[in-house]
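Down below is the structure, laid out as structure tokens.
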There are 2 protein chains.
Amino acid sequence: MKRSFQIKMPKQEVFNRELVLQQASNVFHHKGYNATSMQDLVDATGLNRSSIYNSFDSKLKLYLECLNSYQTKYQNIMHSILIKAENPFNAIALIFKKYVEEIIADKDRKGCLITNCKSEMANQDVTVNYFLHNNQKETLALFEDLVKKGQEEQLINTNKHPKAYGMYLFSSIQGLRMTGILNQNEHELMELVHITLDTLK
Amino acid sequence: MKRSFQIKMPKQEVFNRELVLQQASNVFHHKGYNATSMQDLVDATGLNRSSIYNSFDSKLKLYLECLNSYQTKYQNIMHSILIKAENPFNAIALIFKKYVEEIIADKDRKGCLITNCKSEMANQDVTVNYFLHNNQKETLALFEDLVKKGQEEQLINTNKHPKAYGMYLFSSIQGLRMTGILNQNEHELMELVHITLDTLK
DNA sequence: ATACATTTGAAACGTTCATTTCAAATAAAA
DNA sequence: TTTTATTTGAAATGAACGTTTCAAATGTAT
């Protein structure tokens, strides 16, 4: 196949974009956005400064890509939980249990990247704010749907509307994540989760 | 009265320390620790750089004083709530109601200075970490005490130990504070609070 | 008025920041 | 092999960072 004005193909990106995002996410997660320097990101990714700017434009855009990558990772985890859960209430319980496991496994006590982001950046950058609103919308939709199905199967009481219980679960998760920064005692955290979930029973 | 080696009294600090801490707190609250520059603090307080360093030693120490000042302010609020509350359960309800009011009044969506601090700094600085642990200890003690008394007065169920319910309330407050950054709808927040507190009934 | 310890203001400190520049290296297509 | 668009590495950019310096101003006590 011949073309008169054939486009010459350039040298391509050689790094694994998803791996780089993972490495950058680790730094942002550990230090937060503002305390993370471009040098930190160069060191963590092994990429050259100009390669980072070529591929991600700016520190802020790289951060946003990390947030999206982190969100996608958790969406996949949630999806696999939904598949293996026995029923909607059990799915909610497994999600909370998963978060407790993450907290205990997090020896650096970093908390949740997205919760930290909300605390640090929600009122500072409009694109970050937009991401956070979207993340909230999707999380609320997941919980609301599970509560609605749980109520239909009479596993969850109907004292409150699914929207209200969805908000309650979303807020409880954020509280759990914050609490988990200083407290990593599995028994105490699970008791907290039991109290939270008994409300739905 | 005469003394051979009389100490000459120096010019004294002229500014109101508590006011300056309030002004500095506003900046830290709005931007977080790392995004706040010394120039921001100079602008907000009207003090000269060297006066700030003379009086507070460093940005970090000033931050810690702001945290303590903020904590004291809330302790006073809690104290006045305890006085006017009809009973221990009502005290807890008034505390949550107060937080909802703070969230709604916070047009800058700054969240809680201490929660934000935990998210940004708990794993970065040991003195901040110490402050946060102490703040948690005191808050837990307050809630535990209220729950214990509420149970004794049969206003709160005895399904769980006061310590466990105290932790639940502490975690719920943090969740509420995080949720309130993006969501300032009074009705939704109060519904959230009602669900949280109904657990104790 | 004078002496003096401290605060204050303005400038400067050296460092680090995010970002840009640009020549050299690279890989795909001709 | 040559051409070409892009990536890469290393250095440089100017601005901003937290902190220090020090002479001048200030207020107290003699």
Side-chain angles (χ1 to χ4, degrees), chain A residues 1-21 23-25 27-28 30-67 120-121 124-125 127-128, chain B residues 1-21 23-25 27-28 30-67 120-121 124-125 127-128:
Chain A
M1 181 87 146
K2 279 178 93 169
R3 283 197 282 162
S4 316
F5 298 99
Q6 178 75 39
I7 295 159
K8 305 291 168 53
M9 291 306 290
K11 180 181 176 186
Q12 295 293 325
E13 257 180 23
V14 294
F15 60 83
N16 177 335
R17 193 177 181 88
E18 206 49 49
L19 173 62
V20 166
L21 285 175
Q23 293 165 326
S25 290
V27 185
F28 282 130
H30 189 256
K31 308 186 81 171
Y33 177 77
N34 285 296
T36 297
S37 71
M38 220 53 192
Q39 189 59 51
D40 291 332
L41 295 166
V42 166
D43 294 343
T45 61
L47 295 184
N48 187 272
R49 294 172 114 71
S50 46
S51 302
I52 295 179
Y53 278 95
N54 250 325
S55 303
F56 301 101
D57 280 7
S58 70
K59 183 185 166 188
L60 185 62
K61 284 191 182 171
L62 172 56
Y63 182 62
L64 282 162
E65 283 217 45
C66 287
L67 289 174
E120 186 179 12
M121 304 283 283
Q124 297 296 320
D125 180 87
T127 58
V128 171
Chain B
M1 181 89 146
K2 276 177 98 167
R3 281 196 281 161
S4 315
F5 300 98
Q6 178 75 40
I7 295 159
K8 306 290 169 54
M9 292 306 289
K11 179 181 178 187
Q12 294 294 323
E13 256 180 25
V14 294
F15 60 82
N16 178 336
R17 195 178 181 89
E18 207 47 50
L19 173 62
V20 166
L21 285 176
Q23 293 165 326
S25 290
V27 185
F28 283 130
H30 189 255
K31 307 185 84 170
Y33 177 77
N34 284 296
T36 296
S37 71
M38 219 54 191
Q39 188 58 52
D40 292 332
L41 296 166
V42 167
D43 295 343
T45 61
L47 295 185
N48 188 272
R49 293 172 112 70
S50 47
S51 301
I52 295 178
Y53 278 95
N54 248 324
S55 303
F56 301 102
D57 279 7
S58 68
K59 181 185 166 190
L60 185 62
K61 286 192 181 169
L62 172 55
Y63 181 62
L64 283 161
E65 285 219 44
C66 286
L67 290 173
E120 185 178 13
M121 304 283 284
Q124 296 297 317
D125 181 84
T127 58
V128 171

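So you know, we letter chains A, B, ... as the sequences are listed, proteins then strands, and number each from 1. Heavy atoms only: backbone and side chains are in, while hydrogens, waters and symmetry mates are out.
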### Query
Separation of A:Phe56 atom CZ from C:dT19 atom P, in whole Å?
14 Å
### Query
Going by heavy atoms in the side chains, are A:Val20 and A:Glu65 under 4.5 Å from each other?
no
### Query
Quick one, which residues of residues 34-43 of chain A touch DNA chain C with a heavy atom under 4.0 Å?
A:Thr36, A:Ser37, A:Met38
#### Entry: Whole-Å distance separating the CG atom of A:Asp57 from the C1' atom of C:dA18
13 Å
### Query
C:dA18 C1' sits how many Å from A:Lys61 NZ, rounded?
15 Å
Give each protein N/O atom lying under 3.5 Å from an N/O atom of nucleotides 9-11 of chain C, with the pair distance.
unit_1	atom_1	unit_2	atom_2	d
C:dG9	N7	B:Asn48	OD1	2.8
C:dG9	N7	B:Ser50	OG	2.7
C:dG9	O6	B:Ser50	OG	3.0

### Task
Could you check how far CG of B:Leu62 sits from C1' of D:dT19, rounded to whole Å?
14 Å
### Message
Is any side-chain heavy atom of A:Thr45 closer than 4.5 Å to one of A:Leu19?
### Response
no
### Message
Using a 3.5 Å distance criterion without hydrogens, assess whether the side chain of B:Gln23 forms a donor-acceptor pair with backbone atoms of B:Leu41.
### Response
no
### Query
How many Å lie between CZ on B:Phe15 and C1' on D:dT26, as a whole number?
15 Å
### Query
In terms of ring plane angle, is the pair A:Phe28 and A:Tyr63 parallel, tilted or perpendicular, where the classes change at 30° and 60°?
perpendicular
### Euclidean distance, atom NZ of residue A:Lys59 to atom P of C:dT16 [Å, nearest integer]
15 Å
### Query
A:Val128 versus A:Leu60: any side-chain heavy-atom pair under 4.5 Å?
yes
### Check: A:Asn34 main-chain N/O paired with A:Glu120 side-chain donor or acceptor under 3.5 Å
yes
### Query
D:dT26 P sits how many Å from B:Asn54 CG, rounded?
17 Å
### Query
With no hydrogens and no angle check, is any side-chain donor or acceptor of B:Lys61 less than 3.5 Å from a backbone partner on B:Ser55?
no
## Note on the structure
Applying side chain to side chain donor-acceptor pair (under 3.5 Å) to A:Lys31 and not counting sequence neighbours gives A:Asp40
